[in-house]
**Q** 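Here's a structure for you.
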Amino acid sequence: MQFSNRLVHSLRSTNRKPHEYGFFMQFKASISSLKVAWRKDPKLDQAIESDKKWKQCARVVKEVLNEPGQVISLHYLEKRRERLGLQVKIKTFLDWNPGLFDIYLDRVRPKSEPVSFVRPSERLRQFLEEESRIFVNNESLLVSKLCKLLMMSKDKVVSADKLVQVKREFGFPNDLLVNLVPKYPEYFNLIGEPGEGKSFLQLVKWNPEFAKSVIELRAEEESRLTGIRSRPAFNWKLPPGFFIRKEVREWIRDWMELPYVSPYDDVLHLDQSSREMEKRNVGVFHELLSLSLYKRVPIPILGKFSDEYRFSNAFSNVFTRHSGIFYTSLKCGIKTAMLREAYKDGELIDRDPLLEIKDKFLELLAEGHKQKDELLRLQREMVQKDMEMMAVSNNDLDYHKCEEEEDAVI
């Protein structure tokens, strides 16, 4: 969608300030009341749908790895099937995904009957070593992400327990607070004991290099390539077939002409209902989604940080109000905010380096499926050979029977 500069040229030609126009007073009052209809985007929904299977496998792996000694009985794992979201029995799931675990017999007590236990396979352990290597290689990226999350917050402090809860969304390792944070005391200060609900991660030093959003970095790159100064601005584009009302288009056009507010700027002086605060909130959500692994985050997870980032109670309306920037997916029974510009035909364009972990996990699953297919092929061949041998044996019996009957007649 193209936006006209008519209003901006008019303001410049009359040397009048925006607040002198009655329109802008209406603009401020109408932000929260602006209604934009939600429309389904099948391609972006498919991006979430396609990740369901491997994420389900990852949940089961996490469940086993969190057990003492990374071992659990098949019986107890079956009891957790519903919580893990599995529609089939654990044994069936393991048969469908060979290579993840080893199943072996052992006794719970010295004189008890042997029962089946589950433990990580050798191939899964090799994957875990690869995962650790990828985290080490991308440690600087992880540090910058964590700093940025703290730098955008109201008091440069975020609940440590909340950060642990969202570590998967941003690609942080499980030992985020135990190993990564203590290695960088120049940036982070952990207050309290994690797990008790009263621990916080505090930013120690402000790094100006981290205080540039994806939007600002993109504008700088465009200026460098073209030699013309580009101002930071959001990409606003709806998919083919999407339509919004004229009054909404005009609202968006004029809102886009407002100056960009960096998510790293101090905005304590801004009114929560002002158009500038709306610009800042969109910038924060854009930056948060840009920092996430898949450029999408479930809205309830974003809501956990309402206090830290000064989100209003109705913050989720931002995603439908600015439907050319964001998309709200309803897949899997949960609302997920997605960054439109990050996808093309349902595929991520600029992939986070930490997604190499996902690629390695998919390779592990593919090896198991290949092993399963090969085993099924061999079983079919054996059955076919058995049937052929039985057929030959039956023919021999019939031949000998005919000979015996002929001898009897003679």
**Q** Can you tell which of N179, N174, L180 makes a side chain to side chain contact (heavy atoms under 4.5 Å, CB included) with L176?
**A**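 Answer to the side chain to side chain contact (heavy atoms under 4.5 Å, CB included) test with L176 among N179, N174, L180: L180.
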**Q** For the OH atom on Y104, are there more than 12 heavy atoms of other groups (residues, nucleotides or ligands in this structure) within a distance under 6.0 Å?
**A**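 Yes, the 6.0 Å shell around OH holds more than 12 heavy atoms from other groups.
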**Q** Where do D102 and P120 come nearest, in terms of heavy atoms and distance?
**A**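 Shortest heavy-atom separation between D102 and P120 comes out as OD2-O, 4.0 Å.
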**Q** Does some side-chain heavy atom of L74 sit less than 4.5 Å from a side-chain heavy atom of V115?
**A**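 A side-chain contact is absent here, since even the closest heavy-atom pair is not under 4.5 Å.
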**Q** Would you find a donor on one side and an acceptor on the other, under 3.5 Å apart, between the side chain of D155 and the backbone of V157?
**A**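 Absent.
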**Q** Between D265 and K279, does any NZ, NE, NH1 or NH2 come within less than 4.0 Å of an OD or OE carboxylate oxygen?
**A**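 Looking at K279 and D265, the cut-off is not met.
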**Q** Taking NZ, NE, NH1 and NH2 as the nitrogens, is one of them in E221 or R218 under 4.0 Å from a carboxylate oxygen of the other?
**A**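 Looking at R218 together with E221, the answer is no, because their closest N to O distance does not fall below 4.0 Å.
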**Q** Decide if atom NZ of K358 counts as having more than 12 heavy atoms of other residues, nucleotides or ligands within a radius under 6.0 Å.
**A**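 Check passes, neighbour count above 12.
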**Q** Not counting sequence neighbours, which residues clear salt bridge (Lys or Arg N to Asp or Glu O under 4.0 Å) with K156? List them please.
**A**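 Testing K156 for salt bridge (Lys or Arg N to Asp or Glu O under 4.0 Å), a comparison that skips the adjacent residues, returns none.
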**Q** With side-chain hydrogen bond (donor to acceptor under 3.5 Å, both in side chains) as the criterion, how do Y260 and S213 come out once you've worked through the C-alpha distance, each side chain's angles and the decisive distance to 0.1 Å?
**A** CA-CA 11 Å; Y260 175 77; S213 67; 2.7 Å; yes
**Q** Any idea which heavy atoms bring L177 and P182 closest together, and the distance?
**A**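 In terms of heavy atoms, the two residues are closest at O-CD, 3.4 Å.
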**Q** Counting only N and O atoms by type, is there a donor-acceptor contact under 3.5 Å from the side chain of R340 to the main-chain atoms of S323?
**A**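 Yes, R340 side chain to S323 backbone: donor-acceptor pair under 3.5 Å.
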**Q** For a quick test of reading the model, state the closest non-hydrogen atom pair linking K40 to F242 and the distance between them.
**A**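 That closest heavy-atom pairing would be O-CZ, 3.3 Å.
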**Q** What do the steps show when you test T336 against K331 for side chain to side chain contact (heavy atoms under 4.5 Å, CB included), and what is the final call?
**A** CA-CA 8 Å; T336 301; K331 270 292 177 183; over 6 Å; no
**Q** Verify salt bridge (Lys or Arg N to Asp or Glu O under 4.0 Å) between K198 and E193, making sure each step is shown before the conclusion.
**A** CA-CA 7 Å; K198 296 182 180 179; E193 290 295 326; over 6 Å; no
**Q** Evaluate the side-chain proximity of R119 to I72: yes if any heavy-atom separation is below 4.5 Å, no if none is.
**A**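 In short, these two side chains do not touch, never coming nearer than 4.5 Å.
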**Q** Please give me the minimum heavy-atom distance between L330 and D45, naming the atom from each residue.
**A**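 Minimum heavy-atom separation between L330 and D45: N-OD1, 4.3 Å.
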**Q** Can you sort out the partners of F319 under ring-ring contact (aromatic ring centres under 6.0 Å, His included), two or more places apart, ordered by chain and number?
**A**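 ring-ring contact (aromatic ring centres under 6.0 Å, His included) list for F319, sorted by chain: F285, F326.
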**Q** If only atom types and distance count, is the side chain of K335 paired as donor or acceptor with the main-chain N or O of S329 below 3.5 Å?
**A**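 No: the side chain of K335 does not pair with the backbone of S329.
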**Q** Walk me through it: do S73 and V108 pass the test side chain to side chain contact (heavy atoms under 4.5 Å, CB included)?
**A** CA-CA 9 Å; S73 73; V108 178; 5.9 Å; no
**Q** What do you reckon, is CH2 of W54 surrounded by more than 12 foreign heavy atoms closer than 6.0 Å?
**A**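 For W54, atom CH2 is crowded (more than 12 foreign heavy atoms under 6.0 Å).
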**Q** For a side chain to side chain contact (heavy atoms under 4.5 Å, CB included) check, start with the C-alpha distance between F127 and E363, then their side-chain angles and the critical distance, and finish with the verdict.
**A** CA-CA 9 Å; F127 160 75; E363 288 177 10; over 6 Å; no
**Q** Charged N to carboxylate O under 4.0 angstrom, E67 versus K62?
**A**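 The answer is no: the pair does not qualify as a salt bridge.
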**Q** Distance-only, no hydrogens or angles: does the Q46 side chain make a donor-acceptor pair with backbone N or O of G346 under 3.5 Å?
**A**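 Pair absent, no side-chain N/O of Q46 close to backbone of G346.
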**Q** Tell me whether the count of non-hydrogen atoms from other residues, nucleotides or ligands lying under 6.0 Å of CG in N66 goes above 12.
**A**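 Atom CG in N66 is packed in, count exceeds 12.
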**Q** Which is it for R280 and D266 under the salt bridge (Lys or Arg N to Asp or Glu O under 4.0 Å) test, yes or no, and what are the steps along the way?
**A** CA-CA 10 Å; R280 180 262 178 187; D266 184 1; over 6 Å; no
**Q** Decide side chain to side chain contact (heavy atoms under 4.5 Å, CB included) for L44 and Y343; before the verdict, give the C-alpha distance in whole Å, the side-chain angles of both, and the deciding distance to 0.1 Å.
**A** CA-CA 8 Å; L44 291 182; Y343 289 84; 3.5 Å; yes
**Q** Relative to each other, are the rings of Y184 and F188 parallel, tilted or perpendicular (30° and 60° limits)?
**A**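 Y184 vs F188 ring planes: perpendicular.
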**Q** How long is the gap from CG on D106 to OG on S112, to the nearest 0.5 Å?
**A**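 Those atoms lie 8.5 Å apart.
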**Q** Between C332 and K52, is there a side-chain heavy-atom distance shorter than 4.5 Å?
**A**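 Side-chain contact under 4.5 Å: yes.
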**Q** Do F170 and L149 have side-chain heavy atoms sitting under 4.5 Å apart?
**A**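 Of all side-chain heavy-atom pairs linking L149 with F170, at least one is under 4.5 Å.
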**Q** Taking salt bridge (Lys or Arg N to Asp or Glu O under 4.0 Å) as the cut-off, I'd like each qualifying pair that reaches into residues 283-304, sequence neighbours left out, listed once.
**A**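 Those involving residues 283-304 are D51-R296, K148-E287.
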**Q** Quick one: is the NZ or CZ of K55 closer than 6.0 Å to the six-membered ring centre of Y294, and within 45° of its axis?
**A**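 Yes, K55 sits over the ring of Y294.
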**Q** Would you say the side-chain atoms of S223 pair up with the backbone N or O of A219, donor to acceptor, closer than 3.5 Å?
**A**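 Side chain of S223 to backbone of A219, a donor-acceptor pair under 3.5 Å: yes, one is there.
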**Q** For D41, does its backbone N or O pair with a side-chain atom of Y327 as donor and acceptor, under 3.5 Å?
**A**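 Yes, Y327 side chain to D41 backbone: donor-acceptor pair under 3.5 Å.
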**Q** Could you tell me if the side chain of K43 sits less than 4.5 Å from the side chain of K344, heavy atoms only?
**A**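 No; the side chains remain at least 4.5 Å from each other.
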**Q** Would you mind reporting whether I48 and M338 have side-chain heavy atoms less than 4.5 Å apart?
**A**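 Counting from C-beta outward, M338 and I48 do come under 4.5 Å.
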**Q** Would you call F117 and I103 a side-chain contact if the rule is heavy atoms closer than 4.5 Å?
**A**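 They are not in side-chain contact.
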**Q** Which pairs count as salt bridge (Lys or Arg N to Asp or Glu O under 4.0 Å) when at least one residue sits in residues 121-137, sequence neighbours excluded?
**A**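 Every salt bridge (Lys or Arg N to Asp or Glu O under 4.0 Å) pair that includes a residue of residues 121-137, provided the two are not neighbours, is R123-E367, E130-R133, E130-K360, R133-E356.
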**Q** How close do L355 and L293 get, heavy atom to heavy atom, and via which atoms?
**A**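 Smallest interatomic distance, heavy atoms only, reads CD1-O, 3.8 Å.
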**Q** Going by the side chain to side chain contact (heavy atoms under 4.5 Å, CB included) test, name the single residue among V118, L100, L86 that passes it with V60.
**A**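 When side chain to side chain contact (heavy atoms under 4.5 Å, CB included) is applied between V60 and each of V118, L100, L86, only L86 qualifies.
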**Q** Tell me whether K91 is salt-bridged to E78, with the criterion being a basic N under 4.0 Å from an acidic carboxylate O.
**A**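 So K91 does not pair with E78 through a salt bridge.
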**Q** Keeping the roles fixed (side chain from R59, backbone from L84), state whether a donor-acceptor pair exists under 3.5 Å.
**A**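 It does hold such a pair.
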**Q** When you look at CD of Q165, are more than 12 heavy atoms from neighbouring residues, nucleotides or ligands closer to it than 6.0 Å?
**A**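 Count over threshold, so yes.
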**Q** Restricting to salt bridge (Lys or Arg N to Asp or Glu O under 4.0 Å), what partner residues turn up for E63, sequence neighbours left out?
**A**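 Salt bridge (Lys or Arg N to Asp or Glu O under 4.0 Å) check on E63 returns R80, R83.
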**Q** Scan for salt bridge (Lys or Arg N to Asp or Glu O under 4.0 Å) pairs involving residues 167-192, sequence neighbours excluded, and state none if there are none.
**A**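 Sorted pair list: E139-K183.
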**Q** Measure from the ring center of W236 to the ring center of H322 and say whether it is less than 6.0 Å.
**A**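 No, the ring centres sit 6.0 Å or more apart.
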**Q** Taking all atoms of both residues into account, what is the closest heavy-atom pair of S159 and E308, and its distance?
**A**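 Smallest heavy-atom distance, with atoms named: N-OE2, 3.6 Å.
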**Q** Once rounded to the nearest 0.5 Å, what's the spacing between atom CZ of F361 and atom CG of L124?
**A**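 Spacing of CZ (F361) from CG (L124) equals 7.0 Å.
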**Q** Tell me, do W206 and Y264 make a side-chain contact under 4.5 Å, heavy atoms counted?
**A**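 Of all side-chain heavy-atom pairs linking Y264 with W206, at least one is under 4.5 Å.
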